A.B. asks: 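My questions all concern the structure below.
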Amino acid sequence: MRNMVTDGVVLSRVVADAERSLAFYRDGLGMAGAKLMFGLVCIELPGLTLFLAEPADFARNTGLEPGAGLEPGTGPGHAGGAGVLSCAIGSTAEVDQLLAAARSAGGTAVEPQIIDHASGRKQYVGTITDPDGYLWQLVCNIQRTGEGA
């Protein structure tokens, strides 16, 4: 079997309103590089490009038939199954700021919690949803198990 080699990863998601999504990510969460081009919101993250498109634009760019199950997200994870994008965040204060920003920008936020991760780290984790119900987990590694408080 051949190994797949990529130059990057792109994730495309259907949204109800591209302008609203742009405002949420660029203005609300401070992703300054988020832009609208050819009807798609484009967000460049380290190692990932995220495209957000209204159903007609999504269909046009994928070659799928319009209306072929391309409804925008309606709840956690979207498309009938749980899914989450996780982002490493530098500090617990930044996680808290992003949770507040998500609420102010039309998303929702779950109060952060400290969890014991399988890696042996304690993590400070907050979860937000964007206006279309897509889940994001904001994760700050705060301590390795056994390092003290």
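Worth saying up front: this structure is predicted, and the values here are computed from it rather than measured.
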A.B. asks: How many angstroms lie between atom CD of E54 and atom CZ of R20, to the nearest 0.5 angstrom?
C.D. replies: 9.5 Å
A.B. asks: Looking only at heavy atoms, what is the nearest atom pair of F24 and A102, with distance?
C.D. replies: CE1-O, 3.6 Å
A.B. asks: What closest approach, in Å, do A18 and G39 show between heavy atoms, and which atom pair accounts for it?
C.D. replies: CB-O, 4.1 Å
A.B. asks: Are R13 and L85 packed together at the side-chain level, in the sense that at least one heavy-atom pair is separated by less than 4.5 angstrom?
C.D. replies: yes
A.B. asks: First locate atom CD of Q97, then atom OG of S91, and finally report the distance between them rounded to the nearest 0.5 Å.
C.D. replies: 6.5 Å
A.B. asks: Report yes if some heavy atom in the side chain of I89 is under 4.5 Å from a heavy atom in the side chain of L98; otherwise report no.
C.D. replies: yes
A.B. asks: Determine, using the 4.5 Å side-chain heavy-atom cutoff (strictly less than), whether L52 and V10 are members of one ILVMFWY cluster.
C.D. replies: no
A.B. asks: Are any non-hydrogen side-chain atoms of V15 and V41 less than 4.5 angstrom apart?
C.D. replies: no
A.B. asks: I'd like to know if L29 and F51 are part of one continuous hydrophobic network [Ile/Leu/Val/Met/Phe/Trp/Tyr, side-chain heavy atoms within less than 4.5 Å].
C.D. replies: no
A.B. asks: Could you give the distance from SG (C42) to CE (M31), rounded to the nearest 0.5 Å?
C.D. replies: 12.0 Å
A.B. asks: Mind checking whether Y124 and V110 sit in one hydrophobic cluster, side chains of I, L, V, M, F, W, Y counted as touching below 4.5 Å?
C.D. replies: no
A.B. asks: Got a donor-acceptor contact below 3.5 angstrom from the Y25 side chain to the G33 backbone?
C.D. replies: no
A.B. asks: For R26, what residues pass the salt bridge (Lys or Arg N to Asp or Glu O under 4.0 Å) criterion, not counting sequence neighbours?
C.D. replies: none
A.B. asks: Is V9 reachable from F58 through a run of I, L, V, M, F, W or Y residues, each pair having side-chain heavy atoms under 4.5 Å apart?
C.D. replies: yes
A.B. asks: Can you check side-chain contact (heavy atoms from CB on, under 4.5 Å) on K122 and D116, steps first, answer last?
C.D. replies: CA-CA 5 Å; K122 286 202 179 290; D116 292 316; 2.6 Å; yes
A.B. asks: Nearest 0.5 Å, please: how far is OG1 in T129 from CZ in R103?
C.D. replies: 10.5 Å
A.B. asks: List the residues meeting side-chain contact (heavy atoms from CB on, under 4.5 Å) with I115, not counting sequence neighbours, and say none if there are none.
C.D. replies: Q113, Q123, V125
A.B. asks: Rounded to the nearest 0.5 Å, what separation is found between the OG1 atom of T92 and the CD1 atom of I114?
C.D. replies: 8.5 Å
A.B. asks: Within the distance-only criterion (no hydrogens, no angle test), does the side chain of D132 pair as donor or acceptor with the backbone N or O of V14 below 3.5 angstrom?
C.D. replies: no
A.B. asks: Answer whether the closest heavy-atom distance between the side chains of L99 and P112 falls below 4.5 Å.
C.D. replies: yes
A.B. asks: OG/S12 to CG/L50 distance, rounded to the nearest 0.5 angstrom?
C.D. replies: 7.5 Å
A.B. asks: Treating Ile, Leu, Val, Met, Phe, Trp and Tyr as nodes and any side-chain heavy-atom pair under 4.5 angstrom as an edge, say whether I43 and L22 lie in one connected cluster.
C.D. replies: yes
